[in-house]
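Notes follow the structure.
Below, chains carry the letters A, B, ... as their sequence lines are ordered, and counting in each starts from 1.
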Amino acid sequence: MKRWLFLAVASFLQAAEPLPLVELPKGQTFLVFQPHHDDHTTDYGMGGLIARLVDEGWKGWFLRASNDEKDGAASYGVNDQVNLRESQAAGKVLGMEGVYSMSWRNDYMDSIPLLELREQLIVLIRKHRPDVVLGHDPWAHYDRNPDHRKVARALAEATWMSGLANVHPEHVALGLRPHRVPVLFLKARWDYGRGHEANVAVSLTAEQVRRKAIAYQTHRNVYASPAMGASICKQLEAEGLTATELDGLSDGDAAVRIEEWYMDWISRKVGAANGAKYAEIYYRVAEFDHLPGLKSYLEKSQLKK
Amino acid sequence: MKIFLLFATVCLWNQSVLVVTADASDYVLCAGGTLAKLASGGAQITLVRVTNDDKDSVNLLPEETANRVRQESEAAAKELGIAKVIHLGYRAGELGGVSPTELRDRIMFYVRLTKPDVMFIPNPYAEYVEVLDRHYTGMAAEEARRTATMPNHQPAHAIAGLSPHIVKELYYYSAPVDPRRREPEGPAQFVPQPVVRDIAGTFTRKLRAAQALTTINQAMAAAIHRRLEDTGRRLPLFDRGLTESAVAKLVEENVRGLAALCAKDTQFRQAEEFHHAGPDYQVPLRYSGAAKR
Ligand SMILES: [Zn+2]
């Protein structure tokens, strides 16, 4: 865990105005569209919200668009398989129903036709008919990860174009009907400058943060390595510091503990900045946001049946 | 003063305007009032409509949808006083698979042909605009304005008598969904600035133009109706079905809502928002001579 990251995150959170803590929208199904095995468990969002959705009775599926072959120290094939297995395990910890993998070549997604990737998302949207989709913010700036950008862009269009019958009309043969996704929760690193400005905060319970932390460190191919545990313990020693909770733990167990502390710390920090014990923050695209001229009219005029 | 007004009117009368839009409705809803005002002043306006809008309809095949929207977009343009509509005919929602350079050069052709003083293009930097065709069209049009000035871009144009052209003024338009759209991003010489334009005088014409797009409007109404139905809600406006008058009323609410949103925190009642790059854009004042004034 790098010290600069702590400092950047901490200073960002201190500077920001509190965001409105929002209720979850009405619904029962959500999809998470992201390129990588671990994107649903990152410190800057998703895992806590996923756990909360599940706790409130929702069913959710995770899409891993890439094959993660470059993420980890092993060979391509091994990374792909191990990362997928860990992603499935992390999804289970959060309470998700399953993981789909489109297995596109990691960090070489530029050559994928955007419309082909978009169609894969449209198929999943029409199959599961989600009330909410989670993913990276397609309008965020400075995300140098090409897979994040590509999948986010496909998500931006798939979530509304899936509602048009003339978009891939062949899907009717599979019994799939058009469905527009009404609400999006979008994330991006908040320490990447002005690009992504969250507009809502979602409060979390300690139990949801606990599952988020476990889901995160479940990705042992890339996180919580014994070497990381050893290096941090050594650093503490060099600075004359001790952490009694780490006493007697193996390097691997120490690394796991440290990762979980970090996730707890960041979730607490985001919570404190937004009036909750624990929280995550998002750019939420709400129902009818795409019709700015009609939004307030629809809110005022609609009635319960 | 009288002489100045006469001069201004004559200038406007000769003004050539090129509007580029990704689809039939975007430019009407975002810039229709301003364009109607320019047309009333005598400006010659050409519209380049990039896609054929073939996806957005109720129970119509793509081909039928495209045919109808083409006719309706001609009618809408007429309401605004637009002299000519060029339909490039790309399939809607598929610009992400079209070469940006190809699209740029198609637009550049019309920049050189119509030699506009002013261009109106979708703002490709506007965030949270879900229709990415608007982003791709904006990028291509912005580039076309630049390459149109350079004879080495498509040199065949010159052989056929089409000379390079400089467009002095540029308006970027976009639906008001970007929460930071009113924030200037940098100094005026280098970055287009947010501006708000009064449209109270041409609001009715903008509304009639929007209402002329009946195929798209029915699809919008049907989508709202379905969403409310699916979630146990209803709109009293639709209690007698999605009738022509109910859809027209919905469009009126939309156009009024947009005009009010764009007029918020200004002296105007009804307005449109743009990012504007004036003649000094990308020309530092000390070079343009404007500083001496
Ligand atoms: Zn990732």
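When side chains are defined from C-beta on, A:Tyr297 counts as touching B:Leu250, because their heavy atoms get closer than 4.5 Å. In this structure, A:Val285 and B:Glu130 have side chains that are not in contact, with every pair of non-hydrogen atoms separated by 4.5 Å or more. Looking only at side-chain heavy atoms (C-beta outward), B:Glu229 and A:Lys305 come within less than 4.5 Å of each other. The closest side-chain heavy-atom distance from A:His141 to B:Glu127 is below 4.5 Å. B:Tyr128 places a side-chain heavy atom less than 4.5 Å from the side chain of A:Asp137.
If you measure heavy-atom distances from B:Arg226 to chain A, the contacts under 4.5 Å come from the side chain alone. In this structure, the portions of A:Arg153 lying under 4.5 Å from any heavy atom of chain B include both its backbone and its side chain. Heavy atoms closer than 4.5 Å to chain B are found in the side chain of A:Leu115, but not in its backbone. Looking at A:Leu184, neither its backbone nor its side chain comes within 4.5 Å of chain B, counting heavy atoms on both sides. With a 4.5 Å cut-off on non-hydrogen atoms, A:Glu197 touches chain B through its backbone and its side chain both.
Summarising the geometry of B:Pro176 relative to A:Pro292, their closest heavy-atom pair is O-CB, 3.8 Å, with the distance given to 0.1 Å. When all heavy atoms of B:Arg234 and A:Lys304 are compared, the pair lying nearest together is NE-O, 4.3 Å. Shown here for B:Leu132 and A:Ala156, the closest heavy-atom pair between the two residues is CD1-CB, 4.3 Å. Smallest separation of non-hydrogen atoms from B:Leu60 and A:Asn166: O-ND2, 3.0 Å. Of all non-hydrogen atoms in A:Phe288 and B:Ile224, the two that sit nearest each other are CE2-CG1, 4.2 Å. When all heavy atoms are compared, the tightest approach of A:Ser301 to B:Leu235 is CB-CD1, 3.7 Å.
Of the residues considered (B:Arg91, B:Arg256, B:Arg180, B:Met220), B:Arg180 shows the highest number of contacts with chain A, using heavy-atom pairs under 4.5 Å. Highest contact tally toward chain A, considering only B:Val131, B:Leu237, B:Val58, is held by B:Val131 [criterion: heavy-atom pairs under 4.5 Å]. Of the listed residues B:Thr65, B:Val177, B:Val129, the one with more heavy-atom pairs under 4.5 angstrom with chain A than any other is B:Val129. Contacts with chain A were tallied for B:Ala219, B:Gly96, B:Pro236, B:Ala223; B:Pro236 has the most, counting heavy-atom pairs under 4.5 Å.
Between A:Glu157 and B:Lys55, no side-chain nitrogen of the basic residue sits less than 4.0 Å from a carboxylate oxygen of the acidic one, so the salt-bridge criterion is not met. Note on B:Glu253 versus A:Lys300: no salt bridge recorded, every NZ/NE/NH1/NH2 to OD/OE distance being 4.0 Å or above.
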